[in-house]
Amino acid sequence: MSLHDVSYQHWDGSHAGIWTRRWVIASNGLRSCLANKWARHLILVAWMLCLVQVAILFGLGQLLVEESLVYGLIGQLDSQGRVFVSGLVNWLAEHPEISVRTTYNILFFFFATYARFLAMVAVVLVIPHLITRDLSSRAIIIYSSKAVTRFDYFVGKFGTVFGLLCLIWLGPLLTAWIAGNALSSDWHFFWHSRSALFNLLTYVLTAMTVLSLVSMGLSSLSHKPRATTIYWVVFWFAGNAIRGIGEGDRSWLRHFSVSFDLDQISRAIFDLGTELKLAEENVPLFGSMLSGLRRSSFGELFDRPDLTGTAIALAIMVGLAVFVMNLRVKPE
């Protein structure tokens, strides 16, 4: 007779689905990243900028309230400033279905585009917590011995970086849209600004997916956290340098920059040229101002984005990242 009971015992506890296992991988990586004080500081900065965005949207809504402090400050402006603000107020009041949509699209284009810098910095902090440390500790062997496939492992790691980007990029922008409309003078702002919300979600979710996959690919290149961090920084800044070199006849070189490619997607989704043209047609006062804007450093916003080159470049980046992950993440 055996000293130990080796008979089979049926498991009578609760069964966790595959998504629970994926969530464990994602949440563990996210908690590890948030243990870094710089990651927490970055999240704090992102939400402070969210408050600034809400304040701007609140001030825009208060222009329609004659008793508000913002409306009262109009009288303190010079004659040219009063004419401009009065024209803006009349446009907002008479054509809210156009004015609110256009204004919100323009504002959230800049909010989402400039907030991407924080997302790029966030990748610097999270990239060592993705595949790099699992390669150094040989944790891949442990994962493969469990009921977790490589695809489940990749989904969990994707959730880590995607979750951090939600905290730093998508979350503040979405909160600003909701709070800005909630504090507006008219509940119809929610409906009139729906296209800005759709454009915001489409662009940011697309960009976060690309950044998550590319960062996972770079994270799998080495088992040294410092090395993979350097890889991302070089990939980011070298792309920006090549972007500057590619101005002129060698414009195709600009697509080596992930920042440039994401800019092209942002311009295509928000379609800023159409929005500004609509504003110019409905508010004649904007005509001279916008013509000057076209001649300024913002003039490229009116150009047609190169979506074909952008799609090819991003597809190559993501494809290489997936290839490297499949090559590097294998049980021994």
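Starting from 1, each residue takes its place in the sequence as its number. No hydrogens, no waters, no symmetry mates; every other heavy atom, side chains included, goes into these values.
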Is the [X] to [Y] ring centre distance short of 6.0 Å?
X    : Y    : value
W38  : H41  : yes
W169 : F111 : no
F117 : W236 : yes

Within the supplied structure, the quantity of interest is the number of heavy atoms (other residues, nucleotides, ligands) at a distance under 6.0 Å from W47 CH2; does it exceed 12?
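Yes, because the 6.0 Å sphere around CH2 of W47 holds more than 12 heavy atoms from other groups.
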Within a reach of under 6.0 Å around CZ of F158, are more than 12 heavy atoms found that belong to other residues, nucleotides or ligands?
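Counting other residues, nucleotides and ligands, CZ of F158 exceeds 12 neighbours.
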Between [X] and [Y] (side chain of the first, backbone of the second, donor and acceptor by atom type, cut-off under 3.5 Å), is there such a pair?
X    : Y    : value
R150 : N326 : yes
T202 : F198 : yes
S184 : N181 : yes
W177 : S193 : yes
R40  : L34  : yes

Please work out which of the three classes, parallel, tilted or perpendicular, describes the rings of F235 and W232, given edges at 30° and 60°.
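Tilted: the ring planes of W232 and F235 meet at 30° to 60°.
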Quick one: do S259 and N240 satisfy side-chain contact (heavy atoms from CB on, under 4.5 Å)? Show the steps, please.
CA-CA 7 Å; S259 299; N240 288 340; 3.5 Å; yes
side-chain contact (heavy atoms from CB on, under 4.5 Å), that's the test. Do I25 and K157 meet it? Break it down for me.
CA-CA 7 Å; I25 299 174; K157 292 301 180 180; 4.1 Å; yes
Begin from the C-alpha positions of D306 and R254 and carry the test salt bridge (Lys or Arg N to Asp or Glu O under 4.0 Å) through to its verdict.
CA-CA 11 Å; D306 182 8; R254 296 179 297 177; 5.8 Å; no
In Å, rounded to the nearest 0.5 Å, how long is the span from [atom1] of [X] to [atom2] of [Y]?
X    : Y    : atom1 : atom2 : value
N199 : R194 : CG    : CZ    : 11.5 Å
L118 : L165 : CG    : CG    : 10.5 Å
Y104 : F189 : OH    : CZ    : 6.0 Å
L211 : I127 : CG    : CD1   : 10.5 Å
T229 : L218 : OG1   : CG    : 10.5 Å
Y231 : S220 : OH    : OG    : 10.5 Å

Could you please spell out the steps behind the side-chain contact (heavy atoms from CB on, under 4.5 Å) verdict for M325 and I131?
CA-CA 9 Å; M325 284 189 292; I131 302 175; 4.0 Å; yes
If only side-chain N and O atoms count, and only distance matters, is there a donor-acceptor pair under 3.5 Å linking [Y] with [X]?
X    : Y    : value
D263 : T113 : no
N105 : T102 : no
S219 : T132 : yes

